[in-house]
Amino acid sequence: MNLQSTIQAILTQAVQSCLDEGDFSAPMPEVVIGHPKRPEHGDFACNVALALARPAKRKPRDLAEAIVARIEDSESLLAATDIAGPGFINIRFSESVWHRLLGDILAAGESWGAGETRESPRVLIEFVSANPTGPLHVGHGRGAVVGDALARLLRLAGYPVTTEYYLNDAGSQVQKLARSLQYRALELLAARDDSRTAPAEPAEGEWYPGDYVIVAAQRYLDEVGEPPSGDPTAGQLSDLAAFAVEQQRISIAATLDRLNISFDVWFSEKSLHESGALTEALAEMRSKRHLFDQDGSVWFRSTDFGDEKDRVVVRKSGEPTYFAADIAYHRNKYDRGFDHLINIWGADHHGYIPRMKGAAQAMGRTAESLEVLLVQFVALIKDGEKMKQGKRLGQFVTVDEVVEQVGADVARYFFLERKFDAQVDFDLDVALSEDPKENPAKYTQYGHARACSILAKAESELGMKVPAYDLALAARLTHPDELAILRRLADFPVIVSEAAEAREPHRIVTWLHDLARAFQSYYTRLRRDNDTVLPPASQRDAGWQQRWDMDKMKARLLWVDAIRLVSRNALTLLGLEAPTYMTRLEDPDTSGGQDA
RNA sequence: GCGCCCGUAGCUCAGAUGGAUAGAGCGUCGGACUUCGAAUCCGCAGGUCGGGUGUUCGAGUCACCCCGGGCGCACCA
């Protein structure tokens with residue numbers, strides 16, 4: 001049980017006592033606990049007296065006084081309970097609570113922050129699912145990182161989570177890819193053999209002209225041999241298509257791997273067609289009278305579920321639509337035992353949500369069991385101007401380009417830093433700059449590296465390992481910043497839980513950045529105050545141990561270890577490296593700058 | 001025209017589900033290294049929270065209406 005839950009329980013009990021004893025009468029309210037904005041107001045604040053004022057028809061301050069009088073603090077956790085302002089109840093824990101908390105954190109280790117493991121709902125997160133017809137671009141990258149972080153977040157919060165990539169290996173775009181591969185392979189053959197005639201370039205819009213197809217074509221020649229020629233109909237090119245798709249899948253997986261993302265499942269759209277799952281899904285919907293025939297096509301009456309118009313599932317030609325496959329796909333997800341589906345889509349797909357939720361309902365599921373999160377676009381800034389993006393323009397920045405330039409950690413940090421439902425600007429001029437500058441991703445990692453560095457130095461130079469936790473030792477932590485940082489560490493499990501429920505990984509980033517800042521601020525100021533954690537080199541003469549406050553140092557080593565641990569947990573949660581050391585940068589100003 | 005997302009400091013964004021004096025980073029300006037790591041820290045300046053009306057003890061947060069930006073409105077995937 002975390003401290004926030006503890007204080008909530010105490011106050012809930014107090015309010016209940018007031019009601020039972022007739023101090024005032026009102027329906028039992030929900031007791032909400034938060035942090036006051038100003039730390040001098042206490043560790044936690046509660047506004048329940050304000051909320052009760054209206055139903056109880058009493059002044060909030062009177063209510064607050066009654067509630068405070070009923071607080072039972074059997075374990076003497078509380079140092080102060082004040083009533084402030086219009087009727088806030090401000091709570092301050094005694095210092096020993098924070099000292100004990102340090103022991104809890106160190107004992108929990110990697111599981112500090114984890115929620116209680118639960119069996120249900122089983123969650124399937126589907127994300128990226130970009131067509132396997134080319135490299136991932138920056139927009140895909142954002143969805144990929146957000147989806148991955150969300151999966152990590154929900155797992156840490158305790159949910160059973162599976163991640164999945166829906167591979168669109170059926171449909172017209174795959175034939176287009178096969179045609180492109182065929183053309184490139186024949187082109188390569190003609191280039192090395194004069195007796196061959198070069199193939200005719202496919203019509204514009206009928207193929208993918210990108211260089212990556214040439215790479216795949218070369219591999220095809222190496223591994224399979226000469227491609228089939230002639231009229232590129234689907235049947236003749238199906239082997240070619242399968243090869244091309246697999247090449248792209250491998251390439252995409254490699255890109256994602258560089259971003260520290262891997263999927264539990266790659267789900268093939270084609271398998272739905274081949275297994276008959278698609279036919280089955282439509283048959284079920286027909287039997288439940290959700291389909292009708294009109295104009296030679298088969299329609300899903302999605303308007304029954306709030307969609308603005310009905311949708312075709314089988315074309316006049318007899319070919320099922322992409323939507324039909326998606327219905328079968330989601331039916332399959334449910335059939336595999338997942339009760340809660342999370343789909344992460346690009347913002348341009350929002351019009352697709354009502355029909356998909358309608359399909360879920362038509363299959364007997366709730367609209368809520370299918371949760372669609374829309375990741376907004378990334379606007380690229382180059383030379384101070386927004387770039388027009390899009391495949392049609394042939395200019396889009398790939399994930400690989402970005403990762404190569406800035407590294408996976410910085411790229412991930414950038415995508416996770418903001419709410420995903422707001423558009424962001426990605427300034428290439430800054431991100432791709434060789435100058436590392438001030439970088440919040442590096443700054444945050446540096447907090448962890450610095451903590452590691454202190455511990456390493458204590459051991460290597462002073463022979464001091466992190467001691468075993470001991471409450472008397474922890475009680476030596478009296479610096480206000482030390483206690484304030486312990487409060488932050490205590491928040492981590494709460495932040496994890498709230499961020500998971502709200503689907504907002506960026507809250508972890510904000511929290512971690514704040515922690516790093518608090519730690520670095522403390523650390524730099526200690527030096528100014530001549531109150532360092534470890535004795536400076538100048539003081540390590542013979543017998544320094546007698547003059548140095550060894551217990552305070554040990555307590556601080558414990559404390560630094562807790563910061564290291566929780567920082568590491570948070571970085572891992574975000575999918576970032578937790579470096580133990582970062583090479584020192586040269587200061588550009590000291591190496592030959594001009595006189596001012 | 002209809003629908004979804006977004007408008008908070010010069011720029012990029014937080015604001016923990018309606019609370020107390022709206023916060024960071026970058027940028028500007030001024031300071032702090034003989035010392036446990038200066039990839040650091042401290043300080044100054046910078047705001048009618050796009051505008052308006054409403055809901056109530058209380059609104060950046062909720063509702064409605066405007067203004068502005070982005071994206072959708074396929075028998076494409």
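What's counted below: heavy atoms across the whole structure, side chains too, no hydrogens, waters or symmetry copies. Below, chains carry the letters A, B, ... as their sequence lines are ordered, and counting in each starts from 1.
- Classification of A:D561 and A:K465 as a salt-bridged pair fails, no side-chain N sitting under 4.0 Å from a carboxylate O.
- Where stacking is scored as ring centres under 5.5 Å apart with planes under 30°, A:Y523 does not register as stacked on the base of B:U40.
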Starting at the 5' end of RNA chain B, what dot-bracket string do you get if Watson-Crick and G-U pairs under 3.5 Å are bracketed, crossing pairs use [ ], other-strand pairs use | and unpaired bases use dots? (((((((..((((.....[...))))..((((.......))))......(((((..]....))))))))))))....
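- Scored by the ring pair (Phe, Tyr, Trp, His ring centres under 6.0 Å) test, A:F24 finds no partners at all (sequence neighbours excluded).
- Every residue two or more places apart in sequence or in another chain that forms a ring pair (Phe, Tyr, Trp, His ring centres under 6.0 Å) with A:Y352 is listed here: A:F323, A:W345.
- Atom CZ of A:F300 is separated from atom C1' of B:C75 by 16 Å (rounded to the nearest Å).
- Ring-base stacking between A:F88 and B:A20 is satisfied, the centre separation being under 5.5 Å and the plane angle under 30°.
- Summary of the strand contacts: A:A170 and A:N530 both lie near RNA chain B, and taking for each the nucleotide with the nearest heavy atom, the more 5' one is attributed to A:N530.
- Comparing the C1' positions of B:A45 and B:C29 gives a spacing of 8 Å, expressed to the nearest Å.
- Of the two residues near RNA chain B, A:W299 and A:I33, the one whose nearest nucleotide lies more 5' is A:I33.
- Remark: A:R476 engages A:D549 in a salt bridge, criterion side-chain N to carboxylate O under 4.0 Å.
- The base of B:U40 is not paired with the side chain of A:R450 by any donor and acceptor separated by under 3.5 Å.
- Computed from coordinates, the A:E308 CD to B:G3 P distance equals 10 Å when rounded to whole Å.
- Here the separation of B:C4 from B:U12, taken at their C1' atoms, is 24 Å to the nearest Å.
- At most 12 non-hydrogen atoms from other residues, nucleotides or ligands lie less than 6.0 angstrom from NZ of A:K554.
- Residues from residues 451-460 of chain A lying near RNA chain B, meaning a heavy-atom separation below 4.0 Å, are A:S453, A:K457 in numerical order.
- A heavy atom lying under 4.0 Å from RNA chain B marks the following residues of residues 316-330 of chain A, by number: A:K316, A:Y322.
- With sequence neighbours left out, A:E371 forms a side-chain hydrogen bond (donor to acceptor under 3.5 Å, both in side chains) with A:H340, A:R503.
- Interatomic distance, CZ of A:F44 versus NE2 of A:H35, reported as 4.5 Å (0.5 Å rounding).
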Stepwise side-chain contact (heavy atoms from CB on, under 4.5 Å) check, A:F414 with A:V145: CA-CA 10 Å; A:F414 177 83; A:V145 169; over 6 Å; no
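- Distance from the side chain of A:R525 is smallest for B:C42 among the nucleotides B:C42, B:A77, B:C36.
- Under the ring pair (Phe, Tyr, Trp, His ring centres under 6.0 Å) criterion, A:F492 pairs with A:W511, not counting sequence neighbours.
- If you take CG of A:D307 and P of B:C4, they are 13 Å apart, rounded to a whole angstrom.
- The base of B:G19 lies close enough to the side chain of A:N47 for a donor and an acceptor atom to sit less than 3.5 Å apart.
- Here, B:G25 and B:G19 have their C1' atoms 27 Å apart, quoted to the whole Å.
- Distances were taken from every side-chain heavy atom of A:A45 (C-beta onward) to each of B:U35, B:A20, B:A16; the shortest belongs to B:A20.
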Report, one pair per line, the protein and nucleotides 13-15 of chain B atoms (nitrogen or oxygen only) whose separation is under 3.5 Å.
{"unit_1": "B:C13", "atom_1": "OP1", "unit_2": "A:Q423", "atom_2": "O", "d": "3.3"}
{"unit_1": "B:C13", "atom_1": "OP1", "unit_2": "A:D425", "atom_2": "N", "d": "3.2"}
{"unit_1": "B:A14", "atom_1": "OP1", "unit_2": "A:K419", "atom_2": "N", "d": "2.8"}
{"unit_1": "B:A14", "atom_1": "O3'", "unit_2": "A:H506", "atom_2": "NE2", "d": "3.4"}
{"unit_1": "B:G15", "atom_1": "OP1", "unit_2": "A:H506", "atom_2": "NE2", "d": "2.9"}

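- Relative to the side chain of A:H350, the nucleotides B:U21, B:C36, B:G72 differ in distance, and B:G72 lies closest.
- When each of B:C36, B:C75, B:A77 is scored by its nearest atom to the side-chain atoms of A:V312, the top-ranked nucleotide is B:C75.
- Nearest nucleotide to the A:E498 side chain, out of B:C41, B:A16, B:C57: B:A16.
- Residues passing the ring pair (Phe, Tyr, Trp, His ring centres under 6.0 Å) test with A:H479, sequence neighbours excluded: A:Y522.
- Within the structure, salt bridge (Lys or Arg N to Asp or Glu O under 4.0 Å) contacts touching residues 514-538 of chain A (residues at least two apart or in different chains) are A:D481-A:R525, A:D514-A:R517, A:D531-A:K552, A:D531-A:R556.
- Closest to the A:M582 side chain, of the nucleotides B:A39, B:C36, B:A24, is B:A39.
- Within the structure, every pair that satisfies the salt bridge (Lys or Arg N to Asp or Glu O under 4.0 Å) test and touches residues 411-422 of chain A, not counting sequence neighbours, is listed here: A:D148-A:R412.
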Please walk me through it: do A:F415 and A:V378 pass side-chain contact (heavy atoms from CB on, under 4.5 Å)? CA-CA 9 Å; A:F415 286 131; A:V378 180; 4.0 Å; yes
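- Classification of A:R488 and A:D491 as a salt-bridged pair fails, no side-chain N sitting under 4.0 Å from a carboxylate O.
- The C1' atoms of B:A9 and B:U28 are separated by 13 Å, rounded to the nearest whole Å.
- Judged by a 6.0 Å distance limit and a 45° cone about the ring axis, A:R301 is positioned over the six-membered ring of A:F292.
- Residues meeting the side-chain hydrogen bond (donor to acceptor under 3.5 Å, both in side chains) test with A:S567, sequence neighbours left out: none.
- Classification of B:U8 as anti follows from a glycosidic angle more than 90° from 0.
- Whole-Å rounding puts the A:R488 CZ to B:A16 C1' distance at 13 Å.
- Here B:U12 presents its C1' atom at 15 Å from CZ of A:F415, a figure rounded to the nearest Å.
- Taking atom CG of residue A:D541 and atom P of nucleotide B:U35, one finds them 17 Å apart after rounding to whole Å.
- Comparing B:C49 with B:U35, their P atoms are spaced 47 Å from each other, to the whole Å.
- Atom CZ of A:F519 and atom C1' of B:C36 are 10 Å apart (whole Å).
- Taking atom CZ of residue A:R311 and atom P of nucleotide B:C73, one finds them 9 Å apart after rounding to whole Å.
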